[in-house]
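The sequence lines fix the lettering, A, B, ..., with proteins before strands; numbering per chain opens at 1.
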Amino acid sequence: MIAKVIVDVPSRQTDRPFDYEVPYEMQEWLELGSRVGVPFGGRVLQGFVIDLTESASVDRTRLKPIAELLDPVPPLLPDMIELSRWMSDKYCCSWTQALQAMIPAALKGKEERQIGLGEPDEEYGLPAELKEWIANSGGLVKLDALIAKYPQHLKAVKHALAKGTLTQQSSIKDRLAVRKVLTVFLPESRLPLEHALEQVPARAAKQREALQWMYGREEPIALQELAQQTGVSSASIKPLVEKGLLELREVEKERDPYAHRQFTRTSPLPLTEGQREVFGRIAEALDARQGRTMLLHGVTGSGKTEVYLQSIQYCLDQGRQAIVLVPEISLTPQMVERFKGRFGDAVAVLHSRLSSGERFDEWRKIRSKKAQVAIGARSAIFAPFEQIGLIIIDEEHESSYKQEESPKYHARDVAVRRAKQHGAAVVLGSATPSLESFAAASRPAANPGASALLPMPYRVGGRPMPPVEVVDMREELRAGNRSMFSRQLHAALQERLERGEQSVLLLNRRGYSTFVMCRSCGHTAACPHCDISLTFHQKSRVLRCHYCGHAEGAPAECPECGSEHIRYFGTGTQRVEEELAKLFPGIRVIRMDVDTTSEKHAHEKLLKQFGDRQADVLLGTQMVAKGLDFPYVTLVGVIAADTSLHLPDFRAAEKTFQLLTQVAGRAGRHELEGEVVIQTYTPEHYAITTAQTHDYAAFVSEELRHRSVMGYPPYCRLVLVTMSHEQLPLLSTVSERFAAELRELAEHEGVLAPLGSGLPRALEVLGPVASPIARMKDRYRFQCVIKYRGSIDASAIVRRALQPFTEGPQQKGIGFSVDVDPQVIL
DNA sequence: AGCACGCCGACT
DNA sequence: GTCGGCGTGCTC
């Protein structure tokens with residue numbers, strides 16, 4: 001048998017299957033999707049089996065055998081192999097990158113080489129100390145350790161390896177082994193308790209106690225836990241084990257990050273009429289098993305989560321599994337609690353706060369069918385379920401569903417594709433759907449595969465949306481108020497303090513960073529390797545570059561003019577905090593921004609404090625806008641709504657509207673009535689006026705008009721190609737050639753035409769132009785934007801255009817990066 | 001990505 | 001005369 005293997009080398013030249021012979025003793029265990037170690041170019045690499053056949057694509061005698069099988073159960077399922085192939089085509093990434101994205105990081109094996117003594121050396125003198133060390137280390141040492149200990153002998157080692165006086169063997173070592181726990185068992189065939197006790201000395205009270213306790217329990221228990229529960233130290237267990245009265249074995253332990261938590265079980269709530277109708281449509285789609293996609297457009301507080309929960313129950317009752325994607329930031333304990341409360345241990349939770357070991361264990365719960373529901377951020381879309389019935393994507397519009405590193409996939413698109421494979425239903429939920437999803441769902445149902453729109457326009461309990469007041473900050477200035485708080489917001493805050501209610505303040509900080517400027521000459525600190533200003537880090541008083549990591553101390557005087565008038569533009573939230581303290585002495589503020597949430601559980605801790613009413617105000621950036629639900633919050637204030645509105649990004653208005661709508665939904669979700677105050681310098685902008693009236697439809701129709709005129713999604717699709725090189729002139733020529741190549745290929749396909757041409761299929765290439773960040777890590781950057789509409793396989797065109805630049809005679813280190821459906825093109 | 005093979009400058 | 005520089009090319 002022959003296995004086709006994708007080896008873990010992310011290079012274009014090796015991005016294809018390589019054939020290997022399956023050793024006889026491996027045949028029974030090797031499966032499609034197995035992870036293996038294979039000899040490749042003189043070393044052993046990790047790879048994935050993507051096909052098992054009888055026919056080789058090269059001369060069979062050239063085949064090498066697979067060196068090792070790395071897991072007892074293949075980490076990939078057959079459908080995921082197909083999905084990875086699709087991803088590598090669509091997102092122009094290597095196949096191995098796509099495969100790697102699907103499994104937990106703990107399963108990324110690395111080669112480990114061991115060096116041993118070979119034929120006795122005569123003429124080739126190995127340094128004696130080296131020989132001795134190897135001999136004393138049991139004859140085998142890790143190459144890494146050797147290099148660390150004797151870097152000066154590296155040459156001699158290479159020689160010896162070539163001569164055979166040293167030998168080496170490689171194997172794949174996982175980043176993380178399964179955690180083993182010493183566990184105490186009662187023996188299979190055990191003596192009755194009284195007979196067993198006879199064998200224990202009468203004065204060994206602790207041993208007797210432990211033995212009795214184990215007989216009473218019968219179940220195995222971790223040694224440590226036994227010690228804890230009985231107060232018997234492990235030293236007293238040892239003699240019992242030696243006598244054969246107890247057994248001690250290493251047992252695989254699954255780390256359950258939620259093990260110590262109790263979740264109150266909840267039952268399905270009665271649905272409102274609106275919820276029932278939507279649930280009915282989802283159930284229909286689940287019954288149909290056709291891979292339908294639905295857009296659940298529900299205002300904040302309309303009870304989407306309960307619909308999700310009952311739909312999942314319906315799916316589980318069909319014997320199928322469900323995946324729930326939520327944005328990382330809203331994967332809070334509150335959220336987890338709701339799912340654990342309804343489905344208990346059947347829920348696996350995958351989020352970035354878990355250690356790689358914990359994450360691996362949650363993943364194994366899914367793979368071993370102990371869990372039927374996976375809830376997690378973006379990458380949870382790859383949960384290894386065998387029969388997916390339902391995929392829910394909550395807050396569908398969130399940009400965090402797009403991965404910004406290769407493979408630059410969008411979880412929503414992967415979900416739709418994966419659902420097709422499984423005949424699963426996809427539910428995209430949002431109060432402010434992305435224009436792409438909304439347009440897809442409102443298209444006349446010409447094709448049966450098109451997605452359907454499920455509206456939920458009313459809040460549960462008939463609570464009204466909170467009134468939103470928009471304050472024109474220009475008026476404030478005219479009235480002589482130079483504070484960052486308008487009179488209205490000031491009064492509203494005062495009122496909350498007096499009534500003992502809580503407020504949320506949002507500082508829209510997108511596109512607005514912490515930098516350092518000299519007030520005398522205007523000099524700003526910039527990164528020496530990138531065209532970007534350095535970010536000031538309050539805590540360490542260090543200036544850092546976000547892109548390359550360059551760091552330098554914050555200067556006391558201007559390096560340009562020597563002036564001491566250096567202004568540190570802090571996080572913004574700090575300034576707001578200071579001003580709050582000035583205006584309202586004694587006010588208790590919890591500040592949430594990158595500075596205060598960098599520690600591991602800081603985010604949850606701060607929210608818990610706020611929930612426990614230990615503060616009057618929760619002040620923060622975007623992260624305070626998402627999914628929070630506190631009954632005593634009756635005021636939401638937005639300090640400056642405009643900051644994200646004027647970014648040179650075609651989604652600026654959409655992002656602003658979404659943010660304002662989300663944050664407005666945080667107020668008055670319970671008995672107490674809420675109020676929202678939005679401060680802005682452009683109160684007439686449609687993103688603000690429509691957010692004020694909670695009018696999504698009005699926003700969309702205006703925004704669609706703009707997109708149509710400007711030629712942006714959803715009226716077309718985009719591919720962004722960024723090229724980089726140290727030498728500007730070379731980069732410039734090559735990028736021109738690449739753009740020409742693209743145009744030529746499109747011409748050949750008969751699709752090269754301006755988008756304004758009105759043709760149903762059209763593709764145009766913009767650029768190359770310098771990227772918004774024109775230099776990064778000492779490399780210049782140029783970009784091309786491809787806009788297209790209609791059934792065009794733009795990825796295929798890009799891949800073909802790349803060929804001459806990445807194959808054949810080495811193309812002197814030009815870096816190409818392809819972003820299909822980019823979130824930001826600036 | 002590595003690693004090996006291969007053809008030109010500064011050293012014992 | 002050799003060691004080693006990294007350009008080019010291959011890995012089942």
At a 4.0 Å cut-off to heavy atoms of chain A, the contacted part of DNA chain B spans B/dA1 to B/dC3
For DNA chain C, the residues among residues 22-55 of chain A that have a non-hydrogen atom under 4.0 Å from it:
A/P39, A/F40, A/G41
Is A/E386 salt-bridged to A/R367, cutoff N-O under 4.0 Å?
yes
Evaluate salt bridge (Lys or Arg N to Asp or Glu O under 4.0 Å) for A/D821 paired with A/K90, printing each intermediate quantity in order.
CA-CA 10 Å; A/D821 300 331; A/K90 156 131 192 172; 3.4 Å; yes
Is A/E398 salt-bridged to A/R378, cutoff N-O under 4.0 Å?
no
Atom pair distance, as rounded to whole Å: CD in A/Q13 and P in C/dT11:
11 Å
Taking the side chain from A/R418 and the backbone from A/L83, do they hold a donor-acceptor pair closer than 3.5 Å?
no
Could you tell me which residues satisfy salt bridge (Lys or Arg N to Asp or Glu O under 4.0 Å) with A/E129, sequence neighbours excluded, listed by chain and number?
none
Rounded to whole angstrom units, what separation is found between the CG atom of A/D59 and the C1' atom of C/dT11?
16 Å
In whole angstrom, give the distance that lies between atom CZ of A/R16 and atom P of C/dT11.
8 Å
Just say parallel, tilted or perpendicular for the rings of A/Y401 and A/H410, cut-offs at 30° and 60°.
tilted
Could you pull out the protein-nucleic contacts involving nucleotides 2-4 of chain C (nitrogen or oxygen on both sides, under 3.5 Å)?
from	atom 1	to	atom 2	distance (Å)
C/dG4	OP1	A/K155	NZ	3.3

Of the options A/R779, A/R775, A/K777, which is the one that meets A/D531 in a salt bridge (charged side-chain N to carboxylate O under 4.0 Å, His left out)?
A/R775
Between NZ of A/K64 and C1' of C/dC10 the distance, given in whole Å, is 11 Å
Under 4.0 Å between a Lys/Arg side-chain N and an Asp/Glu carboxylate O for A/D361 and A/R364?
yes
Could you give the CG-to-P distance, from A/L63 to C/dT11, as a whole number of Å?
12 Å
Identify each donor-acceptor pair in which a side-chain atom of residues 38-54 of chain A lies under 3.5 Å from a protein atom, sequence neighbours left out, and give them as a table.
from	atom 1	to	atom 2	distance (Å)
A/Q46	OE1	A/R35	NH1	2.9
A/Q46	OE1	A/G109	N	2.5
A/T53	OG1	A/S55	N	3.3
A/T53	OG1	A/S55	O	3.1

Salt bridge flag under 4.0 Å for residues A/D819 and A/K402:
yes
Sorted by chain and number, sequence neighbours left out, side-chain hydrogen bond (donor to acceptor under 3.5 Å, both in side chains) with A/S170 holds for A/E111
So does A/R62 get a side-chain nitrogen or oxygen closer than 4.0 Å to the phosphate oxygens (OP1/OP2) of C/dT11?
yes
